[in-house]
Protein chains: 2
Amino acid sequence: MEGELGSREEAARWLDADERRTWLALVSVLVRLPSALDAQLQRDAGISNFEYQVMAGLSEAPDRTMRISDLAALAEGSLPRMSQVIARLEKRGWVRRAPDPGDGRYTLAIMTDAGWAKVVETAPGHVEAVRRLIFDPLTKAQPRQLHDICRRIMGAIDPDDQCPDRLDRPSAKR
Amino acid sequence: MEGELGSREEAARWLDADERRTWLALVSVLVRLPSALDAQLQRDAGISNFEYQVMAGLSEAPDRTMRISDLAALAEGSLPRMSQVIARLEKRGWVRRAPDPGDGRYTLAIMTDAGWAKVVETAPGHVEAVRRLIFDPLTKAQPRQLHDICRRIMGAIDPDDQCPDRLDRPSAKR
DNA sequence: TCAGATGAGTTGCACCGTTAAATGATTATG
DNA sequence: CATAATCATTTAACGGTGCAACTCATCTGA
């Protein structure tokens, strides 16, 4: 059991040299980009990237209010995780909970004024980081290429869920 | 403190609509692709993606032996993390430890025959997943575009570390 | 040779995420 | 209308990761 790898699994199609280079480069980005973004937010705002995404999503919702389950879907996280995140944000005074008046099974997460202020304060630095790490180093044509590539990969991962359409800034109020 | 966002931080440059779409698509990939790859490995082989990267890296080293610190650098993980991963792999009989004869400060991680067998057995399914999720949905031109984009982003994150040059299969022995 | 400095690795602790079971509310069914 | 089934959320137990403190080996400079 050592030579000729692929004796079963119908002789897997290995990656060629170019594909391997591409794959390794992608893996690096997959590992380092999230941690770089997390580092910026943690350092400058004391929150995680995930927490920021939740805050940003909530800040753009009507009345800055959303059901926890919708928020979980939006931020692509599990329900228990979202429950804990909301608990943390609530403890910091940025969000409060209320049962959904229409259906008591749902819990609404409501962003407080302090939460809104936090997003407004945090967003510019975060967007700046996104721009610096992603858009600045790319040529004019590459963002479009990247977009197409990401859509195709997402299509392969999950034919449904074509990435939620959400803004990434505190919705310019009014 | 609520309107006109960006009163400080010298009026941040917001993302325009195209950039935002690209950014959201990339975020989805950043979240879902690693978890999809993890799911495949967990389901078919009972190991995490990170553990597999470590095993794969070790399987290609001379004598299937590497210093733990080099392995940590290769897999882009911290030293404590690598120490624990090696401990897990050792417990499963796939790796053993030995002090470096040349310099007792280093510890060598040595892949056992069982570990080699595990990699040989696991690799095809993993490569298949990589191919299915990434290369199959892309056009002929896109892998090269993706490679260039990733290199540029990595350059912005960390001008050094131009992603380790490592293979991604059990090096065909001999 | 010996005390201190450096460096690899490990360990303890806190935090975060996942999974599975528990809770509370609502709807379906008899 | 009572009971069961379903759904959103929470809670509990467990595993993995980062950080800081600790151990041990080696090197440095008298």
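Here is how names work: the chains are called A, B, and so on, in the same order as the sequence lines, proteins then strands, and each is numbered from 1.
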Problem - Interatomic distance, A/Glu51 CD vs C/dC15 C1' [rounded to whole Å] - result: 11 Å
Exercise for the section: Among the candidates C/dG7, D/dT9, C/dG9, find the nucleotide nearest to the side-chain atoms of B/Arg105. Expected result: C/dG7
Exercise for the section: For A/Gln53 and C/dG17, give me the distance from atom CD to atom C1', rounded to whole Å. Expected result: 17 Å
Practice task
Select base, sugar-phosphate, or nothing to describe what B/Arg81 touches, counting heavy atoms under 4.0 Å on all strands.
Solution key: sugar-phosphate
Problem - Selected nucleotide, minimal atom distance to A/Tyr106 side chain, candidates C/dA8, D/dC19, D/dA8 - result: D/dA8
Handout entry: Nearest heavy-atom neighbours spanning B/Arg67 and B/Asp100
Key = NE-OD2, 3.1 Å
Exercise for the section: Indicate, with a heavy-atom threshold strictly under 4.0 Å, whether A/Leu79 touches base, sugar-phosphate, or nothing. Expected result: base
Exercise for the section: Decide if atom CZ of A/Arg92 counts as having more than 12 heavy atoms of other residues, nucleotides or ligands within a radius under 6.0 Å. Expected result: yes
Completion exercise
Rounded to whole Å, CG of A/Asp38 lies from P of C/dC16 at a distance of 11 Å
Practice task
Check whether any side-chain nitrogen or oxygen of B/Ser83 sits under 4.0 Å from OP1 or OP2 of C/dT11, and answer yes or no.
Solution key: no
Handout entry: Integer-rounded Å distance: C/dC16 C1' and A/Leu41 CG
Key = 16 Å
Completion exercise
Judged by nearest nucleotide, the residue sitting upstream toward the 5' end of DNA chain C, A/Gly104 or A/Val85, is A/Val85
Exercise for the section: Name the closest nucleotide to the B/Gln84 side chain, picking from D/dT10, D/dT17, C/dG17. Expected result: D/dT17
Handout entry: Rounded interatomic separation in angstrom, taking CD1 from A/Ile86 and C1' from C/dC16
Key = 15 Å
Completion exercise
The answer to which of A/Asp100 and A/Arg88 contacts DNA chain C further toward the 5' end, by nearest nucleotide, is A/Arg88
Exercise for the section: Answer with base, sugar-phosphate or nothing: what part of the nucleic acid does A/Pro99 contact at a heavy-atom distance below 4.0 Å? Expected result: nothing
Completion exercise
To the nearest 0.5 Å, atom CH2 of B/Trp23 lies from atom CZ of A/Arg131 at 12.0 Å
Fill in the blank from the handout: In whole angstroms, the gap separating P of C/dG17 from CZ of B/Arg32 amounts to 17 Å
Exercise for the section: Grab the CZ-P distance between B/Arg67 and C/dG9 for me, whole Å please. Expected result: 8 Å
Handout entry: A/Ile149 vs B/Val29 side-chain heavy atoms within contact, under 4.5 Å
Key = no
Practice task
Send over the distance from A/Asn49 CG to C/dC16 P, rounded to a whole Å.
Solution key: 14 Å
Exercise for the section: Using a heavy-atom cut-off of under 4.0 Å over every strand shown, decide if A/Asp103 touches base, sugar-phosphate, or nothing. Expected result: sugar-phosphate
Exercise for the section: Using a strict 4.0 Å threshold on nitrogen-to-oxygen distance, state whether B/Arg152 and B/Asp148 make a salt bridge. Expected result: yes
Problem - Below 4.0 Å: OP1/OP2 of C/dT10 and any side-chain N or O of B/Arg97 - result: yes
